[in-house]
There are 2 protein chains.
Amino acid sequence: MSGTKIKNMEDFAAVSGISRPTVSKYFNDPESVRKSTRQKIEAALKKHNYRPNIYAVNQNRRMTKNIGLVVPNLADPFFAGIARTIEGLIVKAGYNPLLFSSHGGPEQEISNLDSLRSIKPAAVLIAPIGRMSQDDKVAQFASEVPTVLFDANLEDVGIAFFGSDNDQSIGLIVDYLCRSGEPPAFFEMKTPINPNAFKRRNAYITAMERLGHQPHLIQISGQGWNFEEIGFREGGRILTEQRLPSNTILCSNDRLAIGLLSAAFENGIKVGRDANATLRIAGHDDHPFSQFTCPSLTTVSQDYDAIATRSVETVLSLIDSGEKQPKQREETLFEGKLVMRGSA
Amino acid sequence: MSGTKIKNMEDFAAVSGISRPTVSKYFNDPESVRKSTRQKIEAALKKHNYRPNIYAVNQNRRMTKNIGLVVPNLADPFFAGIARTIEGLIVKAGYNPLLFSSHGGPEQEISNLDSLRSIKPAAVLIAPIGRMSQDDKVAQFASEVPTVLFDANLEDVGIAFFGSDNDQSIGLIVDYLCRSGEPPAFFEMKTPINPNAFKRRNAYITAMERLGHQPHLIQISGQGWNFEEIGFREGGRILTEQRLPSNTILCSNDRLAIGLLSAAFENGIKVGRDANATLRIAGHDDHPFSQFTCPSLTTVSQDYDAIATRSVETVLSLIDSGEKQPKQREETLFEGKLVMRGSA
DNA sequence: CCCAATAATTTACGCGCGTAAATTTTTTGA
DNA sequence: TCAAAAAATTTACGCGCGTAAATTATTGGG
């Protein structure tokens with residue numbers, strides 16, 4: 001910080017002894033100017049710590065360096081985790097991530113898209129809320145801004161979708177559960193928010209039939225995103241009613257399983273795979289807290305590193321290509337891995 | 001969407017039959033124009049869905065409508081929750097919240113402040129990371145931009161601090177635990193990240209001495225933000241070593257308690273307050289997951305609604321006042337409430 | 001050493017809007 | 001009805017930067 005105040009690029013160009021257009025070029029890409037020029041600018045940068053006004057920059061650039069990221073609910077550690085991974089990848093690529101959470105509400109999701117629109121991002125990554133989502137508005141948005149979907153798919157929306165292969169992952173854990181004990185019943189919400197829930201339900205039925213077992217759906221009521229609460233409340237009910245079709249329960253996701261485990265504990269039901277346990281519970285997702293439940297939760301992990309990486313790569317390559325839409329929409333599902341713990 | 005394309009405010013003013021400066025005035029404050037004018041503009045707005053370019057707006061306004069929000073770690077549902085509450089309040093006040101997570105890293109925290117600087121926010125709310133924080137840089141930032149601290153205090157930094165009264169809340173639960181059973185030992189990390197941890201340690205010692213009991217600190221090693229993991233690993237160790245100074249353990253925070261509960265379960269130790277239990281465990285914070293642990297966790301809730309509300313109010317009133325600094329720095333601590341559950 | 005290639009400079013315009021001053025129109029109240 | 005107050009309009013400038021075209025300076029290779 002020297003004496004003279006640097007108010008804008010003009011001033012900064014003056015003190016660095018370089019013309020303003022060249023300085024502008026430098027900030028767009030430091031490698032695009034001659035080494036001696038770069039050094040002069042960087043020397044001045046150390047003395048005056050000037051930074052271009054991002055509002056002026058973004059107003060004039062053909063395209064901003066912003067990439068939007070919308071997740072259904074940041075209060076869910078699963079999405080918090082994947083958001084963090086994606087943010088890191090975006091930063092590493094020299095872009096500026098803008099994070100939005102829809103807090104479980106479709107209105108908020110649309111409102112987030114409106115915010116994003118006004119930010120004029122180079123691209124957007126969205127994990128749509130799902131069933132409640134106003135799909136047409138999301139589709140409309142995706143037709144205006146290069147958009148990649150992840151976690152939950154909307155047919156033909158966006159330039160690509162990356163998610164988990166529910167058929168494979170559910171098949172995996174159904175196989176395991178059948179192999180190691182009674183075939184599981186499927187514990188899920190009657191009217192799930194997330195479209196993956198429907199896929200998992202069907203995957204469960206298919207897997208059971210493939211193995212020659214009768215599928216049993218335990219469909220509980222409940223609204224909103226408090227899955228643990230719902231799993232606890234409704235789980236407690238079905239456990240005390242004593243009419244379980246099986247001593248093994250596969251939950252549609254880990255958060256329901258966490259609630260159910262808690263309900264089992266409250267009711268004095270021993271869960272696990274050892275001899276004195278009377279119930280086995282398994283989940284799906286490998287939620288960050290699943291390893292600390294009592295007992296720890298057997299589940300299937302989603303490859304969200306792959307989902308994050310491929311989503312960002314896809315978006316970046318599209319930006320680089322300069323095109324608005326790729327030749328073809330890509331849809332890639334990643335496989336889950338069995339995570340064997342104490343509960344089943 | 002009529003035929004003519006609206007590219008800017010000029011175009012929009014034309015189709016709405018109002019002059020551009022008046023339209024500009026409308027967008028700054030719809031109430032500041034005559035009713036008939038407002039109706040004309042809003043009619044045009046419905047047909048053409050124009051929105052001012054935020055980059056141009058922010059470049060020209062004396063002050064942006066942005067309010068920054070920096071939390072230590074969004075992967076922690078506690079911070080995710082308070083962030084959501086604060087975001088809501090900011091939106092309701094007509095400002096635009098920008099959310100940043102430091103992901104537990106002080107470098108990221110500083111980098112977030114740099115991002116915020118370039119966004120030129122009207123004000124910023126920060127929950128500093130704490131011990132590892134580069135306090136001088138945070139202080140420097142707070143001297144440039146109106147800043148309110150919450151959750152963790154840094155002496156004399158920012159215009160105000162809102163947090164929890166650890167003396168009161170720890171006193172509350174120590175009282176309860178002593179009243180209902182053996183006086184607790186205090187389970188904490190040897191080198192905590194969060195400054196609140198130090199306050200809670202001291203509050204514990206004070207409370208124990210006040211009641212005429214000998215304080216016992218169980219200080220475990222471990223780095224980073226995986227508190228559950230650390231609590232589980234180190235908790236397992238102390239539980240198997242069988243040298244607990246008390247059958248009651250008060251944890252510095254719920255996340256450690258969740259790990260410890262899990263370790264107790266793994267080791268077949270019954271936790272709770274009923275006759276056949278051999279260990280009592282309590283936490284602090286009322287973490288979203290604490291009601292689903294086995295048994296559910298007795299803890300102290302922080303009044304984070306109050307923290308969020310007062311933080312935002314303070315920031316808004318400073319903005320309205322037009323001043324950069326208030327007469328005096330405010331420091332308000334809110335009381336916690338005992339949340340009695342199964343574990344103690 | 002000179003010429004071609006490369007890079008920097010000069011000059012100029014435009015982005016979309018906030019905002020101020022002077023002027024004209026509309027509203028208000030007695 | 002009429003003057004004063006309030007609101008809208010016209011005109012004009014500036015914000016800080018990207019970017020393009022024409023020009024000048026620098027570099028590197030033979």
Side-chain angles (χ1 to χ4, degrees), chain A residues 4-45 48-66 94 96 117-120 122 322, chain B residues 4-45 48-66 94-96 117-120 122 319 322:
Chain A
T4 51
K5 293 273 172 187
I6 308 295
K7 291 201 61 176
N8 52 33
M9 197 179 277
E10 194 84 46
D11 290 359
F12 179 73
V15 299
S16 57
I18 305 289
S19 73
R20 189 181 68 73
T22 302
V23 170
S24 171
K25 210 165 166 231
Y26 167 86
F27 278 109
N28 272 313
D29 177 12
E31 300 299 315
S32 69
V33 303
R34 192 157 45 205
K35 192 171 154 197
S36 60
T37 308
R38 187 162 55 239
Q39 287 171 340
K40 279 196 217 169
I41 293 177
E42 280 162 1
L45 219 42
H48 300 280
N49 92 318
Y50 156 81
R51 300 191 57 176
N53 179 309
I54 61 159
Y55 297 115
V57 169
N58 282 326
Q59 181 176 14
N60 293 303
R61 252 206 250 284
R62 307 199 180 292
M63 180 168 286
T64 70
K65 282 283 193 176
N66 297 329
N96 184 229
R117 238 186 286 258
S118 67
I119 283 162
K120 304 184 189 304
Chain B
T4 50
K5 292 272 172 189
I6 308 295
K7 290 200 60 176
N8 52 32
M9 196 179 278
E10 193 83 48
D11 290 359
F12 179 73
V15 300
S16 56
I18 305 289
S19 74
R20 190 182 67 73
T22 302
V23 171
S24 171
K25 206 160 170 242
Y26 167 85
F27 279 109
N28 273 315
D29 177 12
E31 300 298 315
S32 68
V33 304
R34 190 158 44 207
K35 191 172 156 198
S36 60
T37 308
R38 187 162 55 240
Q39 288 170 338
K40 279 197 217 167
I41 293 178
E42 281 162 1
L45 219 40
H48 300 279
N49 91 319
Y50 158 81
R51 299 192 58 174
N53 179 309
I54 61 159
Y55 297 115
V57 169
N58 282 326
Q59 180 176 15
N60 293 305
R61 251 206 250 282
R62 307 199 180 289
M63 181 169 285
T64 70
K65 282 282 192 177
N66 297 329
Y95 286 79
N96 183 230
R117 236 186 287 258
S118 67
I119 284 162
K120 305 183 187 306
I319 293 175

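Proteins get letters first, then strands, A, B, ... in listed order; numbering begins at 1 in each. All heavy atoms count here, side chains included; hydrogens, waters and symmetry mates do not. These numbers come from a predicted model, not from an experiment.
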Worksheet item: D/dC17 C1' sits how many Å from A/Lys65 NZ, rounded?
Response: 16 Å
Worksheet item: Does the B/Ser118 side chain pair with the main chain of A/Ile54, one donor and one acceptor, at a distance under 3.5 Å?
Response: no
Discussion item. What is the distance, to the nearest angstrom, from the CZ atom on A/Arg51 to the P atom on D/dC17?
Written reply: 12 Å
Item to complete: Would you mind telling me which of D/dG16, C/dT11, D/dA8 lies closest to the side-chain atoms of B/Thr22?
Response: D/dA8
Worksheet entry | Sugar-phosphate, base or nothing in reach of A/Arg20, heavy atoms under 4.0 Å | base
Worksheet item: Has A/Arg62 got a side-chain N or O lying under 4.0 Å from the OP1 or OP2 atom of D/dA20?
Response: yes
Discussion item. Once you apply a heavy-atom cut-off of 4.0 Å, does A/Phe27 come out as touching a base, just sugar-phosphate, or nothing?
Written reply: nothing
Worksheet item: Rounded to the nearest Å, what distance is computed from the CD atom of residue A/Glu10 to the C1' atom of nucleotide C/dT9?
Response: 13 Å
Discussion item. Quick check: on DNA chain D, is the nucleotide nearest A/Asn28 upstream (toward 5') of the one nearest B/Lys25, or the reverse? Name the residue that is more 5'.
Written reply: B/Lys25
Discussion item. If you only use heavy atoms from C-beta on, which nucleotide in C/dA8, D/dT9, C/dC17 is closest to the side chain of A/Arg34?
Written reply: C/dA8
Practice prompt. Look at the rings of A/Tyr50 and A/Phe27 and say which category their plane angle falls in: under 30° parallel, 30 to 60° tilted, over 60° perpendicular.
Written response: perpendicular
Discussion item. Once rounded to the nearest 0.5 Å, what's the spacing between atom CG of B/Asn96 and atom CD1 of A/Ile119?
Written reply: 6.5 Å
Worksheet entry | Whole-Å distance separating the CD atom of B/Glu31 from the C1' atom of D/dA7 | 15 Å
Response to the item:
From the candidates D/dC17, D/dA20, D/dT9, the one with an atom nearest any side-chain atom of A/Pro21 is D/dA20
Discussion item. Nearest whole Å is fine: how far is D/dG16 P from B/Arg61 CZ?
Written reply: 16 Å
Worksheet item: Of A/Lys35 and A/Asn60, whose closest DNA chain C nucleotide lies nearer the 5' terminus?
Response: A/Lys35
Discussion item. Rounding to an integer number of Å, can you tell me how far B/Asn53 CG sits from C/dG14 P?
Written reply: 18 Å
Fill in: Candidate pair A/Asn8 and A/Asn53, rule side chain to side chain contact (heavy atoms under 4.5 Å, CB included), full reasoning
CA-CA 8 Å; A/Asn8 52 33; A/Asn53 179 309; over 6 Å; no
Discussion item. In whole Å, I'd like the distance from the NZ atom of B/Lys40 to the C1' atom of C/dT26.
Written reply: 11 Å
Worksheet entry | A/Met9 CE to C/dT9 C1', straight-line distance once rounded to whole Å | 15 Å
Practice prompt. Would you tell me if any nitrogen or oxygen in the side chain of B/Ser24 comes within less than 4.0 Å of OP1 or OP2 on C/dG18?
Written response: yes
Discussion item. C/dT10, OP1 or OP2 - any side-chain N/O from A/Ser19 closer than 4.0 Å?
Written reply: no
Worksheet entry | A/Arg51, CZ atom: more than 12 neighbouring heavy atoms under 6.0 Å | no
Worksheet item: Hey, does B/Tyr26 reach any base, or is it just sugar-phosphate, or nothing, if we go heavy atoms under 4.0 Å?
Response: nothing
